[in-house]
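For reference, the structure discussed in these notes is given below.
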Amino acid sequence: TSAEHHHLYLQMFDTNVGDSLAFIGFARPQQGGVPAIAEMQARYFAQVCKGEKRLPGVAQQRHAIKSHTTHWESEYSITPKATGLVNYVHYMDLMAEKVGCLPQKPSFWKDPLLSIKLDYNPIFSAQYRLNGPHSRPDETKRFLKSFPNTFSWKWIAYLWIARGLLKLAKNNKRISLLSDTPLATS
């Protein structure tokens with residue numbers, strides 16, 4: 001059952017079987033698509049089968065299973081009968097780290113449009129093709145840049161400025177905290 005998939009490493013691998021069998025497509029995102037998650041799982045399983053990646057030891061897998069199970073059950077505690085649920089973005093990023101294709105967002109100054117599209121638009125499975133194995137950066141960038149904004153440019157500007165001000169305030173707080181710290185004398 002899907003409830004048992006929380007008790008698999010990455011909701012894919014049974015620790016008693018090892019890396020020769022993977023359950024792909026059973027992790028269910030609360031929002032987003034099962035096919036995108038299944039593709040990411042298949043990419044990782046292919047790397048494991050080819051010997052490019054190795055599963056951690058059984059003890060590490062069991063520790064990860066316990067940690068992930070606690071997290072997912074806590075996050076979806078109001079829907080205990082809807083088992084096997086995962087947060088789409090968190091799970092995709094976790095799998096992308098394993099595959100080696102976690103998107104590397106360019107700085108605003110290097111590619112402002114792509115930076116904005118990655119920050120303020122929906123998460124597309126295509127963004128996991130920006131870098132890493134089997135990447136298609138040119139096609140992916142073209143697609144992401146062509147997708148209409150979910151916010152108006154005016155709202156994006158407000159959000160971008162607010163984010164910058166928060167970073168500035170955070171840095172200033174660190175600086176003031178450092179200046180308030182008495183220096184040790186010898």
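Note that the structure is a prediction, hence the values are computed from the model and not measured. We number each residue from 1, following the sequence as shown.
- With hydrogens and angles ignored, the 3.5 Å screen pairs no side-chain donor or acceptor of N87 with any backbone N or O of P29.
- The main-chain N or O of K98 is found under 3.5 Å from a side-chain atom of K53 such that the two form a donor-acceptor pair.
- We find that D119 and R163 are joined by a salt bridge, their nearest charged nitrogen and carboxylate oxygen being less than 4.0 Å apart.
- Taken to the nearest 0.5 Å, the CG atom of D93 stands 9.5 Å off from the OH atom of Y88.
- To the nearest 0.5 Å, atom CZ of residue F23 and atom CG of residue D14 are 6.5 Å apart.
- Between K145 and D111 a salt bridge is recorded (basic side-chain N to carboxylate O distance below 4.0 Å).
- For the residue pair Q41 and M95, the shortest heavy atom distance occurs at CA-CE, 4.1 Å.
- Distance alone, capped at 3.5 Å, is enough to place a donor-acceptor pair between the N131 side chain and the Q104 backbone.
- Ring geometry for F143 against F147 counts as tilted: the plane angle lies between 30° and 60°, on a 0 to 90° scale.
- At a threshold of 4.5 Å between side-chain heavy atoms, the hydrophobic network of Ile, Leu, Val, Met, Phe, Trp and Tyr places V34 and I37 in two separate groups.
- For the pair M92 and S125, the tightest heavy-atom approach, listed with the atom from each and the gap, is CE-CB, 4.4 Å.
- Checking each of V86, T69, I24 against Q11 for a side-chain contact (heavy atoms from CB on, under 4.5 Å) leaves exactly one that passes, namely V86.
- I65 and F45 fall within the same hydrophobic cluster, where Ile, Leu, Val, Met, Phe, Trp and Tyr residues are linked whenever their side-chain heavy atoms come under 4.5 Å apart, directly or through other members.
- Judged purely by atom type and a 3.5 angstrom limit, T15 has no side-chain atom pairing as donor or acceptor with the backbone of Q61.
- Going from atom OG of S67 over to atom CH2 of W72 covers 10.0 Å, rounded to the nearest 0.5 Å.
- Rounded to the nearest 0.5 Å, atoms CE (M12) and CG (L55) are 8.5 Å apart.
- Ring orientation note: the planes of W160 and W109 are nearly perpendicular, at an angle over 60° on the 30°/60° scale.
- Checking Y91 against Q30 by side-chain atom types alone, no donor-acceptor pair falls below 3.5 Å.
- A 6.0 Å sphere centred on NE2 of H71 holds more than 12 heavy atoms belonging to other residues, nucleotides or ligands.
- Aromatic ring pairs are classed by plane angle as parallel below 30°, tilted from 30° to 60° and perpendicular above 60°; the pair F13 and Y9 is tilted.
- Put simply, NZ on K141 and CG on L144 are 10.0 Å apart, with the number rounded to the nearest 0.5 Å.
- Hydrophobic clustering (ILVMFWY, side-chain heavy atoms < 4.5 Å, transitive): V58 and V17 are in distinct clusters.
- R43 places a side-chain N or O within 3.5 Å of a backbone atom of P133 that can act as its donor or acceptor partner.
- Between N149 and S152, the closest side-chain pair of non-hydrogen atoms is not below 4.5 Å.
- With values rounded to the nearest 0.5 angstrom, L166 atom CG is found 8.5 Å from K170 atom NZ.
- Hydrophobic clustering (side-chain heavy atoms under 4.5 Å, transitive across Ile, Leu, Val, Met, Phe, Trp, Tyr) keeps W155 apart from L118.
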Could you go through M40 and C101, starting from their C-alpha distance and side-chain angles, then the distance that decides it, and tell me whether this counts as side-chain contact (heavy atoms from CB on, under 4.5 Å)? CA-CA 10 Å; M40 192 65 76; C101 64; 3.9 Å; yes
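- When the shell of 6.0 Å around OH of Y158 is examined, it contains 12 or fewer heavy atoms from other residues, nucleotides or ligands.
- In terms of heavy atoms, R136 sits closest to T140 at O-OG1, 2.8 Å.
- Closest approach of P56 to Q60, counting heavy atoms only: CB-OE1, 3.5 Å.
- In terms of hydrophobic clustering, with Ile, Leu, Val, Met, Phe, Trp and Tyr side chains grouped at heavy-atom distances under 4.5 Å, Y44 and L94 are assigned to a common cluster.
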List the steps and the verdict of side-chain contact (heavy atoms from CB on, under 4.5 Å) for W153 and I116. CA-CA 10 Å; W153 282 108; I116 286 169; 3.8 Å; yes
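- Counting all heavy atoms, side chain and backbone alike, L130 lies closest to P103 at CD1-CB, 4.2 Å.
- With hydrogens and angles ignored, the 3.5 Å screen pairs no side-chain donor or acceptor of D19 with any backbone N or O of R54.
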